[in-house]
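Notes to accompany the following structure.
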Amino acid sequence: MKIITCNIRFSSMKQDTGPRFWQNRKDCCFSAIAKYDPDVICLQECHNEQLADFKAYFSGHDCVHGNSFASEEYPENAIFYRRELYENCGVGAWYLSETPHIPGSTSWGTKCVRMVNWVLLRGAEGFVRVVNTHFDHISQLARENAARMINEDAAAWKDSFVQVLTGDLNCDPDNTAIQSLINAGWIDTMPDKTLYSPTLHDYIGKNWDQDLGICGKGRMDYIFVRGILPQRNAEIVYDHNDEIYPSDHFFVYSEQKGI
């Protein structure tokens, strides 16, 4: 499975003008992703306009998504999977809150509605469950509880069952939320040499360097696996076109054998 996780930045942010405006950067975004010919594309911060654009461009993929609210307005978490390779055998979505089945619910001082969506895929090598999420960027307590909930959800499946976890987790590898995931059996696919390389860059690129306090200064975007011996070959996607960047985050790509 060739998989990429992408925080694509909402298209509705009013300060995103010029090269930051979605219509001006979407082709750069698509080409950065298409370069890797991914089987699975996991998006965060996706709006309706962007979802429609992705469906048109990646027409060989089917899509499942979750909504931040009880409407189609904010399909923030979306998973695209290659139609010719995988069969959809089940989907789900829930909220990172004390009331996970109430749309739009928040807890633990979150700034935004945060959620999880997943799809169970069957391919030539068997089943794989792809889980996509986005942790809160303000509340450390929310990040820790989000990790706890994901661990509890994953534990409902056998240890040998293959699962992939992707997303913008808004904290670096030393954060207790990330360590909680690792302690529960999730394995980070990023090699040690780039383990702390930043992925948030605010449309500045590699020159961006800002201390985000409890979130840390390092990487925020992850691909984890469990249930298989992983290939720790993830890489950060630095592609851009002069001053135009695909997003305010660099994307993360990995290829995992046997799924």
Side-chain angles (χ1 to χ4, degrees), residues 1-13 16 19-66 75-86 88 117-119 121 123 128 130-134 164-169 189-190 194 197-206 208 219-225 231 233-257 259:
M1 174 181 283
K2 297 182 292 183
I3 185 166
I4 191 167
T5 181
C6 313
N7 180 327
I8 62 171
R9 175 78 167 187
F10 291 134
S11 60
S12 63
M13 304 301 287
D16 287 352
R20 301 185 178 197
F21 184 53
W22 170 247
Q23 292 299 326
N24 292 334
R25 62 181 170 88
K26 69 177 183 178
D27 288 340
C28 182
C29 180
F30 295 151
S31 63
I33 295 171
K35 170 183 173 180
Y36 292 87
D37 191 29
D39 304 319
V40 174
I41 306 165
C42 295
L43 305 180
Q44 304 90 43
E45 294 195 17
C46 183
H47 277 188
N48 269 343
E49 171 192 14
Q50 293 165 301
L51 188 70
D53 288 340
F54 266 86
K55 286 181 176 179
Y57 191 92
F58 294 98
S59 58
H61 291 64
D62 284 335
C63 174
V64 299
H65 63 84
E76 291 194 32
N77 291 14
I79 302 172
F80 286 77
Y81 58 92
R82 196 180 298 277
R83 187 181 306 113
E84 66 180 13
L85 294 182
Y86 297 103
N88 180 344
N117 77 308
W118 61 268
V119 60
L121 301 176
V128 56
V130 179
V131 183
N132 184 34
T133 192
H134 191 178
V164 177
L165 171 64
T166 69
D168 171 8
L169 304 190
T189 62
M190 187 66 68
T194 48
S197 298
T199 52
L200 174 66
H201 62 89
D202 196 27
Y203 297 104
I204 295 173
K206 291 184 178 181
W208 189 86
R219 181 165 51 98
M220 295 187 174
D221 300 86
Y222 296 81
I223 299 175
F224 290 95
V225 298
Q231 307 295 308
N233 60 4
E235 61 182 280
I236 299 171
V237 179
Y238 293 114
D239 296 51
H240 64 283
N241 183 11
D242 295 326
E243 78 280 11
I244 298 178
Y245 286 86
S247 175
D248 62 340
H249 282 242
F250 293 126
F251 305 153
V252 174
Y253 169 83
S254 181
E255 184 172 349
Q256 298 296 315
K257 298 179 180 178
I259 57 177

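One-based numbering along the sequence shown.
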Kindly compute the distance separating [atom1] ([X]) from [atom2] ([Y]), expressed to the nearest 0.5 Å.
{"X": "I41", "Y": "F54", "atom1": "CD1", "atom2": "CZ", "answer": "6.5 Å"}
{"X": "M220", "Y": "H134", "atom1": "CE", "atom2": "NE2", "answer": "9.0 Å"}
{"X": "E243", "Y": "I204", "atom1": "CD", "atom2": "CD1", "answer": "13.5 Å"}

Problem - salt bridge (charged side-chain N to carboxylate O under 4.0 Å, His left out) partner of D62, the single match among R83, K55, R82 - result: R83
Between [X] and [Y], is any pair of side-chain heavy atoms under 4.5 Å apart?
{"X": "C63", "Y": "F58", "answer": "no"}
{"X": "Y86", "Y": "V130", "answer": "no"}
{"X": "I33", "Y": "P38", "answer": "yes"}

Practice task
Could you list the residues that satisfy ring-ring contact (aromatic ring centres under 6.0 Å, His included) with Y203, not counting sequence neighbours?
Solution key: none
Handout entry: With Y222, the side-chain contact (heavy atoms from CB on, under 4.5 Å) member among L169, T166, L165
Key = L169
Problem - Closest non-hydrogen atom pair, N132 against A78 - result: ND2-O, 3.4 Å
Practice task
Search all heavy atoms of N233 against all heavy atoms of E255 and return the closest pair with its distance.
Solution key: ND2-O, 2.9 Å
Exercise for the section: Could you tell me whether D168 and R9 have a side-chain N and a carboxylate O separated by less than 4.0 Å? Expected result: no
Exercise for the section: Could you tell me whether the side chains of E45 and N7 share a donor-acceptor contact shorter than 3.5 Å? Expected result: yes
Practice task
Using the six-membered ring of Y238, assess whether NZ or CZ of K206 lies under 6.0 Å from its centre and within 45 degrees of the ring axis.
Solution key: yes
Practice task
Start with the C-alpha distance between D248 and R25, add both sets of side-chain angles, then the distance that settles salt bridge (Lys or Arg N to Asp or Glu O under 4.0 Å), and finish with yes or no.
Solution key: CA-CA 11 Å; D248 62 340; R25 62 181 170 88; over 6 Å; no
Exercise for the section: Check the pair F80 / L43 against side chain to side chain contact (heavy atoms under 4.5 Å, CB included), numbers first and verdict last. Expected result: CA-CA 8 Å; F80 286 77; L43 305 180; 3.8 Å; yes
Exercise for the section: In sequence, state the C-alpha distance, the side-chain angles, and the governing distance for Y253 and Y36, and then conclude on ring pair (Phe, Tyr, Trp, His ring centres under 6.0 Å). Expected result: CA-CA 8 Å; Y253 169 83; Y36 292 87; 4.5 Å; yes
Fill in the blank from the handout: Tested for side chain to side chain donor-acceptor pair (under 3.5 Å) against Q44, the lone hit among T5, T133, N77 is T5
